[in-house]
Trainee: 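Starting off with a structure, shown below.
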Amino acid sequence: MTELRFIPLYKVRTFSEKLNDTFEFIRQNWRLLLKYLTYMVLPVALVGGLCQDAIMKNSFDVVFSNDLDAAFALPVKVGGFYACYMLAAFLATLICYSVMRLYQQRKGDMQDIGWPEMRHEMWVNFKRMFIANLAITFMMMMALGVMVLLSAATMWFLLVTLPAFVAFVLTLTYVVPIYVFEERTLTESIADSMRIASKTMGGIIGVAIVMGILTSILSTFIALPYYIILMVRAAMLSSAESAASNPLVEILGFVFSVFSIMGILAASMTMIFAMNFQYGHALDKEYGYSVEDDIKEFEEL
């Protein structure tokens with residue numbers, strides 16, 4: 001059995017190395033990632049699948065039967081679906097950060113990780129991620145409010161405020177990884193993120209574009225079976241046949257709905273890993289962490 005290559009987080013990388021290390025990290029840890037996705041995210045995705053299936057049924061009732069009761073019930077079910085999806089996305093992100101932290105702490109030895117160790121890591125990361133995301137949301141809302149107020153005077157302000165808002169959002173890219181991996185204070189994490197991200201904005205945009213395109217392509221293929229089932233349902237209803245009377249269509253609709261939620265979240269995890277390696281590249285470029293590690297290893301010889 002060949003020994004797996006350890007992938008350090010802090011390392012100056014070329015653009016291709018960031019992508020290669022992202023997929024190599026996933027290849028080495030896919031079993032652990034799949035295990036905790038199944039344990040933690042799948043139950044939420046099942047509830048989300050029920051909500052999504054109910055949304056489609058109500059939408060068809062509104063379109064084909066002019067059912068007003070179904071129309072009034074739609075906002076509640078849409079809200080339930082998005083609540084489930086946001087929770088599932090947060091849990092998937094939590095798994096990403098927890099696995100990456102343990103991988104770095106254990107120098108790539110992930111063979112005997114048990115639930116107690118993973119649970120402790122997730123609880124610590126959950127608190128820090130929740131606080132960091134609240135701070136980011138608050139700052140983005142404040143910046144958005146300023147942009148709207150300035151643009152209210154004249155739409156020409158959008159030529160300045162919109163690019164400034166996008167640049168501001170990009171400078172917050174490293175807040176969560178710094179707060180989680182470095183365990184600094186929140187204010188230090190925000191300040192470091194804005195300073196370091198402004199210097200590596202080209203890398204952030206490049207990784208976001210490439211991984212965004214890849215994630216979009218994967219998500220489209222993953223969701224394709226569910227879209228096909230929707231078209232089958234619509235065709236049956238438009239031809240005066242009852243899709244609800246066909247149990248196979250109902251079961252497949254629910255199964256493919258859950259599959260699409262899980263698949264899209266799994267695909268989006270590649271973006272998180274790639275951005276974290278971009279973060280490791282940026283901090284190593286700024287602070288030279290990999291050089292310090294090399295010196296320590298040399299002194300221990």
Side-chain angles (χ1 to χ4, degrees), residues 7-11 13 18 21-22 25-26 29 33 36-37 40-41 44 85-105 118-144 165-212 215 264-287 289:
I7 307 170
L9 177 61
Y10 301 109
K11 178 184 175 183
R13 294 175 168 90
K18 295 171 194 173
D21 284 352
T22 296
F25 181 87
I26 294 171
N29 298 284
L33 293 169
Y36 286 100
L37 273 174
M40 299 181 62
V41 180
V44 182
Y85 189 85
M86 293 299 292
L87 176 59
F90 184 84
L91 291 174
T93 306
L94 177 62
I95 292 170
C96 291
Y97 277 97
S98 300
V99 170
M100 288 197 80
R101 266 178 59 98
L102 284 172
Y103 182 88
Q104 297 301 315
Q105 292 167 8
M118 181 62 89
R119 179 181 58 193
H120 172 73
E121 190 66 37
M122 285 186 173
W123 176 241
V124 173
N125 295 337
F126 170 82
K127 291 184 289 185
R128 299 187 78 84
M129 283 178 55
F130 185 75
I131 293 170
N133 280 296
L134 278 181
I136 291 171
T137 302
F138 175 76
M139 293 175 68
M140 288 177 60
M141 294 298 294
M142 291 292 291
L144 186 63
F165 176 75
V166 173
F168 174 74
V169 171
L170 289 175
T171 62
L172 301 178
T173 302
Y174 299 146
V175 173
V176 175
I178 291 175
Y179 196 51
V180 171
F181 290 121
E182 305 298 311
E183 297 185 353
R184 298 180 187 175
T185 64
L186 182 60
T187 52
E188 289 174 343
S189 300
I190 294 172
D192 278 0
S193 176
M194 297 182 73
R195 179 173 56 84
I196 299 172
S198 62
K199 297 178 181 179
T200 58
M201 201 166 289
I204 295 172
I205 295 172
V207 170
I209 291 174
V210 172
M211 298 306 297
T215 302
I264 290 170
L265 288 174
S268 66
M269 289 170 74
T270 60
M271 171 74 84
I272 298 170
F273 288 129
M275 277 299 180
N276 283 342
F277 282 118
Q278 165 63 30
Y279 147 81
H281 159 84
L283 257 71
D284 190 46
K285 195 173 180 180
E286 182 74 15
Y287 296 119
Y289 286 159

Trainee: Looking at Leu172 and Met194, what are the two nearest heavy atoms and their distance?
Mentor: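 Looks like CD2-CG, 4.2 Å.
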
Trainee: What residues, two or more places apart in sequence or in another chain, satisfy side chain to side chain donor-acceptor pair (under 3.5 Å) together with Thr187?
Mentor: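 If we apply the side chain to side chain donor-acceptor pair (under 3.5 Å) test to Thr187, skipping adjacent residues, the hits are Thr185.
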
Trainee: I need the Ile205 CD1 to Thr200 OG1 distance, nearest 0.5 Å.
Mentor: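 Going from CD1 on Ile205 over to OG1 on Thr200, the span is 10.0 Å.
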
Trainee: Give me the atom names and distance for the closest heavy-atom approach of Thr215 to Met271.
Mentor: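 Answer, listing the atom of Thr215 first, then Met271: OG1-CB, 4.4 Å.
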
Trainee: Does anything in residues 178-205 pair up under ring pair (Phe, Tyr, Trp, His ring centres under 6.0 Å), and if so which pairs, sequence neighbours excluded?
Mentor: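 Only Tyr97-Phe181, Phe181-Tyr279 qualify under ring pair (Phe, Tyr, Trp, His ring centres under 6.0 Å).
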
Trainee: Tell me, please, which residues at least two apart from Met86 pass side-chain contact (heavy atoms from CB on, under 4.5 Å).
Mentor: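 Testing Met86 for side-chain contact (heavy atoms from CB on, under 4.5 Å), a comparison that skips the adjacent residues, returns none.
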
Trainee: Could you go through the side-chain contact (heavy atoms from CB on, under 4.5 Å) check for Met201 and Thr173 one step at a time?
Mentor: CA-CA 9 Å; Met201 201 166 289; Thr173 302; over 6 Å; no

Trainee: What do the steps show when you test Thr137 against Met140 for side-chain contact (heavy atoms from CB on, under 4.5 Å), and what is the final call?
Mentor: CA-CA 5 Å; Thr137 302; Met140 288 177 60; 5.8 Å; no

Trainee: Identify the heavy atoms of Ala274 and Met211 that sit nearest to each other, and give their distance.
Mentor: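 In this case the closest contact between Ala274 and Met211 is CB-CG, 3.6 Å.
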
Trainee: Give every residue pair that meets the salt bridge (Lys or Arg N to Asp or Glu O under 4.0 Å) criterion with at least one member in residues 125-136, sequence neighbours excluded.
Mentor: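 Every candidate salt bridge (Lys or Arg N to Asp or Glu O under 4.0 Å) pair involving residues 125-136 fails, so no pair, neighbours aside, qualifies.
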
Trainee: Measure across Thr270 and Thr22 and return the closest heavy-atom pair with its distance rounded to 0.1 Å.
Mentor: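 Closest approach of Thr270 to Thr22, heavy atoms only: O-CG2, 3.7 Å.
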
Trainee: Sequence neighbours left out, what passes side-chain contact (heavy atoms from CB on, under 4.5 Å) with Val166? Give chain and number order.
Mentor: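 Leu170.
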
Trainee: With Asp21, which of Lys11, His281, Arg13 fulfils side-chain hydrogen bond (donor to acceptor under 3.5 Å, both in side chains)?
Mentor: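 Checked Lys11, His281, Arg13 against Asp21; only one passes side-chain hydrogen bond (donor to acceptor under 3.5 Å, both in side chains): Arg13.
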
Trainee: What distance do Met118 atom CE and Ile95 atom CD1 have between them, rounded to the nearest 0.5 Å?
Mentor: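 Reported to 0.5 Å precision, the distance equals 7.5 Å.
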
Trainee: Which residues pass the ring-ring contact (aromatic ring centres under 6.0 Å, His included) test with Phe165, sequence neighbours left out?
Mentor: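 Once residues adjacent in sequence are excluded, Phe165 has no partner under the ring-ring contact (aromatic ring centres under 6.0 Å, His included) criterion.
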
Trainee: Roughly how far apart are Leu283 CG and Ile178 CD1, rounded to 0.5 Å?
Mentor: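 Separation between the atoms: 5.5 Å.
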
Trainee: Which one of Phe25, Phe273, Phe277 satisfies the ring-ring contact (aromatic ring centres under 6.0 Å, His included) criterion with Tyr103?
Mentor: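 For Tyr103, the ring-ring contact (aromatic ring centres under 6.0 Å, His included) check succeeds only for Phe25.
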
Trainee: Starting at OH of Tyr174, measure out to CD of Glu182 and round the result to the nearest 0.5 Å.
Mentor: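 If we round to the nearest 0.5 Å, Tyr174:OH and Glu182:CD are 12.5 Å apart.
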
Trainee: Which residues pass the side chain to side chain donor-acceptor pair (under 3.5 Å) test with Ser268, sequence neighbours left out?
Mentor: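 Ser268: no side chain to side chain donor-acceptor pair (under 3.5 Å) contacts found.
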
Trainee: Measure the shortest side-chain to side-chain distance between Met139 and Val175 over non-hydrogen atoms and say whether it is less than 4.5 angstrom.
Mentor: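 Answer no - side chains too far apart.
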
Trainee: What residues, two or more places apart in sequence or in another chain, satisfy side chain to side chain donor-acceptor pair (under 3.5 Å) together with Tyr36?
Mentor: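 Tyr36 satisfies side chain to side chain donor-acceptor pair (under 3.5 Å) with no residue once adjacent residues are dropped.
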
Trainee: Mind checking what makes side chain to side chain donor-acceptor pair (under 3.5 Å) contact with Ser98, not counting sequence neighbours?
Mentor: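 So Ser98 forms a side chain to side chain donor-acceptor pair (under 3.5 Å) with Asn125.
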
Trainee: Should Met122 and Met40 be marked as a side-chain contact (heavy atoms from CB on, under 4.5 Å) after you check the CA-CA gap, both sets of side-chain angles, and the distance that decides it?
Mentor: CA-CA 11 Å; Met122 285 186 173; Met40 299 181 62; 3.3 Å; yes

Trainee: Could you check whether any side-chain N or O of Ser193 sits under 3.5 Å from a backbone N or O of Ser189, counting only pairs where one atom can act as donor and the other as acceptor?
Mentor: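 Here the side-chain-to-backbone pair does not exist.
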
Trainee: State which residues pass ring-ring contact (aromatic ring centres under 6.0 Å, His included) with Phe126; sequence neighbours excluded, sorted by chain then number.
Mentor: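 For Phe126, the residues satisfying ring-ring contact (aromatic ring centres under 6.0 Å, His included) (neighbours in sequence not counted) are Phe90, Trp123.
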
Trainee: Under the rule for salt bridge (charged side-chain N to carboxylate O under 4.0 Å, His left out), what residues qualify as partners of Arg101, not counting sequence neighbours?
Mentor: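 For Arg101, the residues satisfying salt bridge (charged side-chain N to carboxylate O under 4.0 Å, His left out) (neighbours in sequence not counted) are Glu121, Glu183.
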
Trainee: So, taking the atom named CG in Leu186 and the one named CD1 in Ile190, what distance separates them when rounded to the nearest 0.5 Å?
Mentor: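 Rounded to the nearest 0.5 Å, the CG-CD1 separation comes to 4.0 Å.
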
Trainee: Once you round to the nearest 0.5 Å, how far does CG of Leu102 lie from CG of Asn29?
Mentor: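 It is 10.0 Å, given to the nearest 0.5 Å.
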
Trainee: For residues Met269 and Cys96, report the shortest heavy-atom separation together with the two atoms involved.
Mentor: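 Taking every non-hydrogen atom into account, CE-SG, 3.3 Å.
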
Trainee: Could you list the residues that satisfy salt bridge (charged side-chain N to carboxylate O under 4.0 Å, His left out) with Arg195, not counting sequence neighbours?
Mentor: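 Result, salt bridge (charged side-chain N to carboxylate O under 4.0 Å, His left out) vs Arg195: Asp192, Glu286.
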
Trainee: Evaluate Leu265 against Leu37 for side-chain contact (heavy atoms from CB on, under 4.5 Å), listing each step before the verdict.
Mentor: CA-CA 9 Å; Leu265 288 174; Leu37 273 174; 5.6 Å; no

